[in-house]
Number of protein chains: 2
Amino acid sequence: MADINFSGTYPAPDSRAPEGRSGAVRSGDLHWDIIELLFFAYRDFVGDADHELEVFGFGRAHHRVLHFVHRYPGLKVADLLDVLRITKQSLGRVLKQLLDEGYIVQKTGNNDRRQRLLFATAKGEALVGKLAGLQTDRITRALREIRPEGAETVRQFLRAMIDQDDPDKVLETILRTAGPNSKERA
Amino acid sequence: MADINFSGTYPAPDSRAPEGRSGAVRSGDLHWDIIELLFFAYRDFVGDADHELEVFGFGRAHHRVLHFVHRYPGLKVADLLDVLRITKQSLGRVLKQLLDEGYIVQKTGNNDRRQRLLFATAKGEALVGKLAGLQTDRITRALREIRPEGAETVRQFLRAMIDQDDPDKVLETILRTAGPNSKERA
DNA sequence: AAATTTATGTCAGCCATATTGACGTATCTT
DNA sequence: AAGATACGTCAATATGGCTGACATAAATTT
């Protein structure tokens, strides 16, 4: 019976479990490595911002709202709901905090006066810029590890990882910018 | 004052907010695009598994536990806590469910009988394999969009995005496997 | 003009997942 | 024998999701 020594290292990820494994699952063609790399990379990536947000008494939800409002000034509440894929009740709480504490302001729409267009204040931009700075530092460090063309390869990969069907308006903007027919196309 | 038309498209992401922006934040060298691509890519990537997990009454936490137990058979509870970066109280609940429902089994350590070594059962492997299959399909699709060498570039980028200091044992295994001195090194 | 739809906000409650602190027990180490 | 370690558990709390219901103002349709 597999008696593995756990004092130091683990068995190679592909070693067998003692009980045997279900033969039903495909085992050779699964991208286990990239799945795990994505987990760890994203964990540490958002960790940068999370630590800083604690200081302000905010969570990841606040960051996401502030980020997209900053990046797409005049965003409507409905659009934010599409992007974040949460309910308006959930959004309401964090949005109210950001409004109350002066990180975001609302502005009644000119075409449609029902709309509350959202804008980041200077205070909000300062915070979101600080957070983006932390995350940019990590990205910059990572890009140094690969060839110069690698940056565009990474962008293409990440874009292709995103659901292309039924994109909301923000996502459409992102996908359109240097989209499918970019420079480094094969 | 910026009167933006919201009926169709958004302004380019770099357009100015109406109130002006804090000049204190650096604005030219921030990797806004990659920050957003990571957000959307990860959102859809984990979404694949999330949908399937709902069927089983499980959440993302169950997936992570099952994944790492499957990949690193004989994982200790303490190691799992290191990897997932949660408290043992949080882990306790999901782990208990997975044990009760037969996705994972415990085995007392041979060297140290205090340890509860964790292994995925056939049932557990079937589930984690199914989930990995969904995520692999997305990754495979994405890799088709880039040059063949691009896959290794993506791995290098993701590895470099991970905190290299103080890696736990699982992470050490991952980083060691085809680590810093891999083939496609510049 | 009246009816309907849309955009937004809010109240009330529920659930999953995380947290901290305290304590208990078995086992290994010194 | 004493202390440290690995794990489990009880209790209380916070955050960030959720659903359902309802209200208001403004736009749109009839």
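Every chain is numbered from 1, with letters handed out A, B, ... down the list of sequences. The shown structure was predicted, so the numbers you read here are calculated from the model rather than taken from an experiment.
- Ion pairing between A:K169 and A:E172 fails under the 4.0 Å rule for side-chain N and carboxylate O.
- Listed candidates were D:dC18, D:dG8, C:dG9. Nearest to the side chain of A:I86 is D:dC18.
- Regarding contacts with the backbone of D:dC18, a side-chain N or O of A:T87 is found under 4.0 angstrom from either OP1 or OP2.
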Under 3.5 Å, N/O pairs linking protein and nucleotides 1-5 of chain D:
from, atom 1, to, atom 2, distance (Å)
D:dT5, O2, B:R114, NH1, 2.4

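- Between A:Y42 and A:F45, the ring planes are tilted. Angles from 30° to 60° get that label.
- At C:dA26, none of the side-chain N or O atoms of B:Q115 fall inside 4.0 Å of OP1 or OP2 (strictly under the cut-off).
- For A:R144, there are no side-chain hydrogen bond (donor to acceptor under 3.5 Å, both in side chains) partners, not counting sequence neighbours.
- Inter-residue side-chain proximity for A:F119 and A:K107 is flagged as met; some heavy-atom pair is nearer than 4.5 Å.
- Under 4.0 Å is where a charged nitrogen must lie from a carboxylate oxygen, and between A:D137 and A:R141 no such pair does.
- A:E52 and A:H63 share no side-chain donor-acceptor pair at under 3.5 Å.
- When distances run from any side-chain atom of A:R93 to the nucleotides D:dG16, D:dC7, D:dA27, the shortest one goes to D:dG16.
- Taking only side-chain nitrogens and oxygens, A:S90 never comes nearer than 4.0 Å to OP1 or OP2 of D:dG16.
- Judged by distance alone, with hydrogens and angles left aside, B:R113 brings no side-chain donor or acceptor close enough to the base of D:dA6 to form a pair under 3.5 Å.
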Under the 3.5 Å Watson-Crick or G-U criterion, the dot-bracket string of DNA chain D, with | for inter-strand pairs: ||||||||||||||||||||||||||||||

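- With sequence neighbours left out, the side-chain hydrogen bond (donor to acceptor under 3.5 Å, both in side chains) criterion links B:R43 to no other residue.
- Residue B:R64 places at least one side-chain N or O under 4.0 Å from the OP1 or OP2 atom of C:dA18.
- With 3.5 Å as the limit, one finds no donor-acceptor pair spanning the side chains of A:Q135 and B:H31.
- Using a 4.0 Å heavy-atom criterion, one finds that A:Q97 contacts no nucleic acid atom at all.
- For the contact set between residues 37-57 of chain A and DNA chain D, defined by any heavy atom under 4.0 Å, there are no members.
- If you check every strand for non-hydrogen atoms under 4.0 Å, B:G59 touches sugar and phosphate atoms only.
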Every protein N/O lying under 3.5 Å from an N/O of nucleotides 21-25 of chain C:
from, atom 1, to, atom 2, distance (Å)
C:dG21, O6, B:Q89, NE2, 2.8

